[in-house]
Amino acid sequence: MATTVDVAERDPLPQLTAKDYKSDITPDWCPGCGDFGVLNSLQRACAELGLRPHEIVTVSGIGCASNFPGYFNAYGMHTLHGRALAVATGLKMANHELNVIVTTGDGDGYGIGGNHFTHTARKNVDLTYLVMNNQIYGLTTGQVSPTSREGMKTKSTPFGNVETPLNPLTSAIMNGATYVARGYSGDVRQLAQLVKGAIEHRGFSLIDIFSPCVTYNKDNDHPFFKQRVKKLEDDGHDESDWKAACERAMEWGDTIYTGLFYQKTGVPTLDDREPVLKKGGPLATRKTGLSEDQVKKIIGRMM
Amino acid sequence: MSPRKFDFVLTIGGEAGQGIATPGDILAKIFIRRGLHLSTYNAYQSLIRGGHIFLFMRVSDQKVYTHGDKMDMMLCLNQDTMDRHLERMLPGSTVIYNADTIEPGPERDGVQMIGLPISDLTQSRNKLIQNTVAIGAVLAMLDVEFSILESSLTERFQKYGDEVVEENVRVAKAGYDYANEKFEPYSQPLPATSKPLAFWSGNDAIAMGGASAGVKFYSAYPMSPATGVLHWMAMNARDLGIMVRQVEDEIGVANMTIGAAHAGARAMCATSGGGFALMTEAIGAAGIMEIPTVFIDVQRGGPSTGLPTKTEQADLWQALGASQGDFEKLIVAPVSAIDAFNTIPEIFNLVDKYQCPGMVLSDLLISEGHYSVDPDDLDMHPVIDRGALITEPAEANGYKRYEDTPSGISPRAIAGLEGYVHVVATDEHDEDSTLISDEFTDPLIRRKMVEKRHRKMSTVLDDVPAPVLEGPKDADVTLIGWGSTYGVIHEAIEILVERGITANHLSVKWIIPFHTEAITEIVNSARKTIVVENNHSGQFYRYMRSETGLSVDGHIRKYDGEPFAPLHIVEGVIEHLGTETDVYVPDEALRA
Ligand SMILES: Cc1ncc(C[n+]2csc(CCOP(=O)(O)OP(=O)(O)O)c2C)c(N)n1
Ligand code: SF4
Ligand SMILES: [Mg+2]
């Protein structure tokens, strides 16, 4: 029932390694694209957790980042632009035993899919949400995104972006996400640990991941992040303190923090709260057809 | 069918907040428990200002298909109702009103006016109590024993305590006795049969069809006139083990439904035209990912926000054109509430078999109308056939989700099974789900996949019944309709026969697949063909013409927000037979 897999309970299956989560398809991401690091991190995290590929479903929208499911050996759904969280929620509700991991981009998740982001966080749906935030629309060849910095020149803002970017972390915290982290695809070791924590966490977990687009975003490239990223724990941080988390998340200058900003455990997830899931296993595999008792009840209400 | 011996139409008019629903419900229950057939329609008349409501309730000893044309008794809860409708009351009818607050209109020949001195009768200042007095009077006029009303009132008001029950029973009795004493009863007493019927709305029927089909996931965003499906589901979900979610918008609804369906649950959602527009991108996604999902559009007057509380059949082309690209889909327009109930399990079996989206076009007339139904007519255990669905794990076997099989149908494994790991994608993909959309675009693979998906539908026409011609083969005129016009055309034909005109009826329910051959044969052998539809542009006619190449002799169309009454069609047929009319548009006010 839980996302968390108790490794000790398992049959002694062969230990999986990151390689077991590689699909047969070679990613068509540009060489150096940040998304490779995210793919590696999820592979490592799943191997460490001992999750079998068939127990995992990756769900994505559309974009470079969203090509992810094709490259990861597990069940996958490569859905519509912006709709991954909605599809993933339906999937999780119909089979709450699956480990559902949503893998999208910043445009997909925070732009066109913004409404679902707000509400999926609010409902604390037990999903792991990995947003490969390259602060640009990569697949469509470089337009401004909801996380592009003010002033940034892109193909759709040739004279500079006049809008203020969105802060995914404070948004997620305000909306009720219960695990909120920031990673950097250039630090796979840290990212894999954050991902592992997110999968183990029961509830809606967001990891906003700096995943540089080496082709279309020359502002926020690896050197930009390498100079600035700092692990929260190096400065001491209490992840149960949402105000401190928001303050740290808002810092955007010479220091940009990465790590686990906020976690609240023990908050019931949507499947915990849903009475029809209390017993009987996943909806998807329950037997269909009404019982005589159920029929009697329904007809009785019509008489 | 034996002729109707008892055919009585009661109307109740008032303004929102006057509690029309309560007397409506109490009377409906009394009628169906006596085994009488019922069809009600809530006309929120546009000709009346400020949220006024006019409820038609037709009661008969025989099956009724519409709320009819006439009014035998009218209950006025406000002056407006009296002012607007009195002139349509015919000799032999009765008008009941509160004599304290409503001025009766000018006397009409043979119309009995029953003014109830409400404050004298009730000694109460409770404004809603006038409704209960009126129910008492109505039932006295129909010669129903008071004890029946007493137990109905007790049942209805029990939850508010004994005092409320007593007050209601007391004033109902006062109204009952007063009417009995002072007025002529209706020409016939209310009959009774031995078998009580049940009562439901079209939306209840749709929801129940889903429940019996094994739906495990229902989601929606509230939108009239589809909201009743959500309400039924929410009320019954826990008993039935159905998950019901109200979602942030219809885009989320449609996509969530697809997610649940991919997991292996039967999943459906309902909305009206605007919400359906938001769902359309997802419908195409279900098409290319080949995930069986059912989308229901309960049509209302459009375009845009249009007429939220009025009926129309003008979303046909929206459904036909829902989502970009060529893809396989089913579209069905049930012809009545019970037909909608039976259609939902049917379309679920078909979308499971053909792994494609299915669309159901209901409308406000079907969905918000309330009808009697014989519980014995309800098949609560329809056949559930999940098609080529893999639900058991296996050894790894090189499974290809979109295998190019001879039938075009690729066995579908639900997510989570060992041995069948695969990806589904909205990008065009090869048999093994590898995307071919961008870098590896391959015209041959694209062609193969388009043809595979298309091929799987080659047998679908055999799976849905062909429409048949109802009525005499050699009739003066053939009336062609689709979806919800079935009942009203049926009754119009009964009236036409009385007037010496023979008519038969071609009612089309399945839009995709479309029985082109059967329809062509019927239309070609007709003497005169008239298409009847509840929209302005002849959406069904244009679709039929595109599929068959046939044109017809005339049209009867209505797009004022109200449904057809039988006389609207009768007059249209007479006009068409007499003159060279192309499109006849009836006046809503034309009733008996
Ligand atoms: C409804 C819709 N609108 C627009 C597009 C075109 N589109 C595809 S990906 C994309 C933006 C992708 O940006 P992001 O989500 O940041 O992903 P990235 O490519 O940067 O990884 C857009 C606008 C689409 N596929 N669907
Ligand atoms: S365009 Fe940018 S985001 Fe897309 S693959 Fe290339 S580097 Fe990555
Ligand atoms: Mg991006």
Side-chain angles (χ1 to χ4, degrees), chain A residues 23-25 28 52-55 57-59 62 67 69-70 72-95 97-98 115-116 118-119 139 270 274-277 280 282-290 293-295 297-299 301-303, chain B residues 33 196 198-200 204 208 211-212 214 216-217 219 236-243 245 247-249 251-252 255-267 281-282 285 289 373 375 378 380-381 384 391 414-427 433-435 438-439:
Chain A
S23 84
D24 299 336
I25 299 168
D28 67 350
R52 308 280 134 186
H54 71 270
E55 299 167 336
V57 187
T58 55
V59 182
I62 296 295
N67 287 345
F72 189 83
N73 178 35
Y75 278 95
M77 298 186 79
H78 190 165
T79 75
L80 292 169
H81 192 33
R83 309 304 160 206
L85 284 176
V87 175
T89 300
L91 181 78
K92 180 77 183 180
M93 289 301 107
N95 186 348
E97 287 177 356
L98 295 170
N115 201 20
H116 307 308
T118 300
H119 291 279
L139 190 70
L270 187 61
E274 178 53 59
V276 300
L277 295 183
L283 285 177
T285 49
R286 288 187 196 172
K287 88 176 205 348
T288 47
L290 299 172
D293 252 14
Q294 289 171 325
V295 169
K297 233 178 204 163
I298 300 173
I299 305 279
R301 287 180 181 148
M302 299 163 66
M303 302 292 285
Chain B
R33 284 176 182 172
F199 187 55
W200 66 355
D204 295 343
M208 278 174 61
S212 69
K216 292 276 185 264
F217 186 88
S219 70
N236 292 285
R238 292 189 186 184
D239 290 337
L240 306 181
I242 298 172
M243 187 184 294
R245 302 244 70 85
V247 180
E248 53 269 17
D249 56 35
I251 304 178
N255 284 283
M256 224 173 258
T257 307
I258 290 173
H262 182 62
R266 278 197 162 171
E281 192 191 20
M289 291 194 288
V373 60
L378 301 180
M380 300 303 292
H381 305 286
I384 294 176
T391 56
I414 62 171
L417 290 182
E418 195 159 6
Y420 292 99
V421 165
H422 68 272
V423 175
V424 292
T426 62
D427 281 80
S433 311
T434 311
L435 304 198
D438 295 324
E439 222 175 305

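In the text below, chain A, chain B and the rest are named by the order of the sequence lines, each starting its count at 1.
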Task: Sidechain-backbone polar pair: A:His81 side chain, A:Ile62 backbone, donor-acceptor under 3.5 Å - done: yes

Open item on the list: For A:Ala74, which atoms come within 4.5 Å of any heavy atom of chain B: side chain, backbone, both, or neither?
Closed with: backbone

Open item on the list: Taking side chain as everything from C-beta outward and backbone as N, CA, C, O, which of these in A:Leu85 sits under 4.5 Å from a heavy atom of chain B? Side chain, backbone, both or neither.
Closed with: neither

Task: Partner chain B: residue of A:Ala86, A:Pro282, A:Ala94, A:Gly76 with the largest heavy-atom pair count (under 4.5 Å) - done: A:Gly76

Open item on the list: As an exercise: rank A:Thr288, A:Ile298, A:Val87 by heavy-atom pairs under 4.5 Å with chain B and give me the winner.
Closed with: A:Val87

Task: Check: B:Gly241 main-chain N/O paired with B:Lys216 side-chain donor or acceptor under 3.5 Å - done: no

Open item on the list: Could you check whether any side-chain N or O of A:Arg83 sits under 3.5 Å from a backbone N or O of B:Ala282, counting only pairs where one atom can act as donor and the other as acceptor?
Closed with: no

Task: Winner by heavy-atom pair count (cut-off under 4.5 Å) against chain A, out of B:Ser219, B:Ala265, B:Ala267 - done: B:Ala265

- [ ] Examine whether an atom of B:Thr257 lies under 4.5 Å from a heavy atom of chain A, and if so say whether it belongs to the side chain, the backbone or both; otherwise answer neither.
- [x] neither

Task: Contact origin within A:Val276 toward chain B - heavy atom pairs under 4.5 Å - done: side chain

Task: Under 4.5 Å from any heavy atom of chain A - which part of B:Arg238 - done: both

Task: Top contributor to chain B interface from A:Leu80, A:Asn73, A:Thr89, A:Asn95 [non-hydrogen pairs under 4.5 Å] - done: A:Leu80

TODO: Name the region of B:Phe199, side chain, backbone, both or neither, that has any atom closer than 4.5 Å to a heavy atom of chain A.
DONE: both

Task: By salt bridge (Lys or Arg N to Asp or Glu O under 4.0 Å) - contacts of B:Asp239 (at least two apart) - done: A:Lys297, A:Arg301

Task: Atom group of B:His381 that falls short of 4.5 Å from chain A, counting heavy atoms - done: side chain

Task: Selection from B:Arg266, B:Met380, B:Glu418, B:Met289 maximising heavy-atom pairs under 4.5 Å formed with chain A - done: B:Glu418

Task: Backbone N/O of A:Tyr75 and side chain of B:Tyr420: donor-acceptor pair under 3.5 Å - done: no

Task: Top contributor to chain A contacts, counting heavy-atom pairs under 4.5 Å, from B:Gly214, B:Ala260, B:Ser433 - done: B:Ala260

Task: Contacting moiety of A:Thr58, where chain B heavy atoms sit under 4.5 Å - done: neither

Open item on the list: Heavy-atom pairs under 4.5 Å with chain A - which of B:Pro196, B:Ala261, B:Ala211 has more of them than the others?
Closed with: B:Ala211

